[in-house]
Amino acid sequence: MRYLLLSDIHANLEALDAVLRAAPPEDFDALVVLGDIVGYGADPNAVVDRVRELEPDIIIRGNHDKVSSGIEPAEGFNQAARFAALWTHDTLTPDRRAYLGRLPTGPVDFGEIEICHGSPDDEDEYIFEPVDAVEALRGTSKPVCFFGHTHVAIGYWLSQEGFDLIVNESAPTTEVLLDPSRRYLINPGSVGQPRDGDPRAAFGVYDSERAAFAWHRVPYDIEAAQEKIRKAGLPEGLAKRLALGK
Ligand code: ZN
């Protein structure tokens, strides 16, 4: 089975469309969306529509989807994130807000994989440190678990013998073959707001028959996305960071 994995789209239509051109969902057996469909970017309505039309086989909510749909307050958000979440809430039509508010909470098992937004224990937790990755790997329900939330394309494995990172080398495509004696926790990276220093849109492909996972990066029209953020009156920092990948 070949899974297309999209995470942290963040209302960036230009980035999402570039990914969908590079990886048409109909070429895959399953489309998996790991949350944060909206927030930060200037196209929440269009991005919700795009995602809905694609009818993902499995989709979970992210922290920005919760706040932007109005089911949770923006507590713990920094100023720019809070401003963007409130703007997104007010810009979304009631129907699209309701769609986001109904998205399932991770973790969720789907076929051979488990998915979560933050970590298997807590949808809002950030896995940045190896110690947190080890803890999360101990709590996964399947040998391969995908997560998002940090906007960093990275992977970790744990086995009887040890633990290590699998680092995305930032090549256009970086494939790793998964060892069946190890458990994996993999972040495909963010479609719409990468923060790993590579501004290109990120997505993942998992081929369970070959036990292969690949990180992909595609360039997109960053200037167009930035222009929309400025026109919408969203914080300038949200436009700037797209070009930096930070
Ligand atoms: Zn996010």
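Counting starts at 1 for both ligands and their atoms, in listed order.
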Distance col, row Thr88:OG1 vs Asp65:CG, nearest 0.5 angstrom, shows 10.0 Å
Strictly under 6.0 Å, is that where the ring centroids of Phe146 and Tyr206 end up? yes
Between the side chains of Lys142 and Glu114, is the shortest nitrogen-to-carboxylate-oxygen separation below 4.0 Å, so that they form an ion pair? no
To the Zn ion (ligand 1), the closest N, O or S atom belonging to His10 is NE2
Please name the atom of Asp8, limited to N, O or S, that comes nearest to the Zn ion (ligand 1). OD1
For the Zn ion (ligand 1), which N, O or S atom of Asp36 is at the shortest distance? OD2
Under 3.5 Å, is there a donor-acceptor pair linking the side chains of Arg183 and Ser159? no
Below 2.8 Å, can you find an N, O or S atom of His151 next to the Zn ion (ligand 1)? yes
